[in-house]
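Heads up: the structure comes next, in structure tokens.
Atoms within a ligand are numbered from 1 in the order they appear, just like the ligands themselves.
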Amino acid sequence: MTHRATKHKFPNLLTDLLYPPRCPICGQPAPFGLKICPECRLRLPVIESKRCRKCGKPIEDFEVLCPDCAKEEHLYDCGLGIYMYDETMKRAISEMKYKGRREYGEAFGDLLYENARSELMYWKPDCLIPIPLHPARARERGYNQALIISEALSARCGIPTRADILVRTMETDRMKELSAKDRMNNLIRAFSAVGDCRKMRSVVLIDDIYTTGATIDAASAVLRKAGIDEIYFLAVCIGGGFMVSY
Ligand SMILES: [Zn+2]
Ligand SMILES: [Zn+2]
């Protein structure tokens, strides 16, 4: 076991004393017992407008689907990103991924629960599946932020997180020069479903950001092939990747 991995085995109390959990929005220690400051909650980029029925992106009142979903078919059933990916969230998510702020994932898991309770009740998933990181990347980062978010959501909603069903077998960093189709095939090859998925009817993929949906689509393709009927997603943020801007 690496030093990085053992670091997280400390009891929570000691960790909290040594490194008090910080609020993902202002970066300051959060008030005792809270994961996010009450005043910072007011700065969360909430989506007030109507949402795309498929991917949850904000749309105009007269639309049912966003231009992206109207144009191309996604491989999941439907899903939701809670907040806009604005400068505040961009900073928070980047610090969660690259600056060791794993506690932000716990705050985001709580926010997912608060905002997607009715979806979870409606979808009735057998489990939550965090989008996996390649093991080398997870080792380097010390954790997979999607797993932290998913476990925090599980703790609130009681639906188990299963990180043993979908694995990442390939890194997919340098794909900018590939066509969209090659990129998708590469992404699909990057994931593998392991274990027996046939007993599962419905799952929810968990990620930090949803942009074009390519990652969720690739994971859905692999899980569907493994026998899962209904595949949904929940993401903390809905990112760019809009093909048309209003
Ligand atoms: Zn704050
Ligand atoms: Zn859409």
Side-chain angles (χ1 to χ4, degrees), residues 16 19-96 99-112 114-116 119 122-123 131 148-149 152 180 184 204-221 230-246:
D16 283 3
Y19 311 99
R22 285 171 186 268
C23 162
I25 303 304
C26 66
Q28 298 302 309
F32 185 73
L34 296 179
K35 291 173 185 148
I36 178 164
C37 320
E39 59 273 25
C40 286
R41 275 182 174 267
L42 305 173
R43 290 171 55 200
L44 289 165
V46 173
I47 297 172
E48 314 257 15
S49 64
K50 193 176 164 188
R51 287 171 175 269
C52 170
R53 205 163 63 181
K54 188 83 179 173
C55 75
K57 281 183 183 173
I59 54 171
E60 297 290 334
D61 279 343
F62 59 86
E63 291 174 310
V64 177
L65 295 172
C66 73
D68 293 2
C69 291
K71 211 168 127 188
E72 57 178 307
E73 198 150 331
H74 286 295
L75 305 173
Y76 55 83
D77 288 279
C78 68
L80 201 59
I82 306 300
Y83 300 107
M84 288 307 294
Y85 190 51
D86 69 350
E87 287 308 314
T88 302
M89 292 307 267
K90 209 174 269 184
R91 189 194 42 75
I93 285 182
S94 147
E95 288 182 2
M96 168 176 69
K99 295 204 174 146
R101 292 268 176 246
R102 59 182 284 149
E103 73 260 43
Y104 290 5
E106 291 171 19
F108 290 146
D110 274 11
L111 291 171
L112 276 189
E114 289 168 22
N115 287 279
E119 280 77 8
Y122 185 64
W123 295 338
I131 292 292
I148 309 272
I149 296 168
M184 178 52 72
V204 181
L205 291 164
I206 305 291
D207 210 356
D208 48 358
I209 317 164
Y210 176 101
T211 49
T212 61
T215 306
I216 298 290
D217 273 335
S220 300
E230 292 173 27
I231 300 161
Y232 304 97
F233 80 84
L234 283 176
V236 179
C237 289
I238 275 278
F242 296 91
M243 290 171 195
V244 176
S245 56
Y246 297 105

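- Considering the Zn ion (ligand 2) as centre, the angle to SG of Cys66 and to SG of Cys52 is 110° (10° rounding).
- Cys69 contributes SG and Cys55 contributes SG; the angle these two atoms make at the Zn ion (ligand 2) is 110°, rounded to 10°.
- Between Lys50 and Asp61, none of the side-chain N atoms (NZ, or NE/NH1/NH2) sits under 4.0 Å from a carboxylate O, so this pair counts as no salt bridge.
- Put simply, the angle at the Zn ion (ligand 1) from SG in Cys37 to SG in Cys23 is close to 100°, to the nearest 10°.
- Listed by chain and number, the residues in a side-chain contact (heavy atoms from CB on, under 4.5 Å) with Glu95 are Arg91, Lys99, Arg101, Tyr104 (sequence neighbours excluded).
- The Zn ion (ligand 2) lies at 2.8 Å or more from every N, O or S atom belonging to His74.
- Under the side chain to side chain contact (heavy atoms under 4.5 Å, CB included) rule, Tyr83 has a single partner from Leu111, Thr88, Ile47, which is Leu111.
- Angle SG (Cys40) to the Zn ion (ligand 1) to SG (Cys26): 110°, rounded to 10°.
- Nearest heavy-atom pair, Ala152 versus Asp110, reported as atom, atom and distance to 0.1 Å: O-OD1, 4.4 Å.
- Classification of the Tyr76-Phe233 ring pair by plane angle, with boundaries at 30° and 60°, yields perpendicular.
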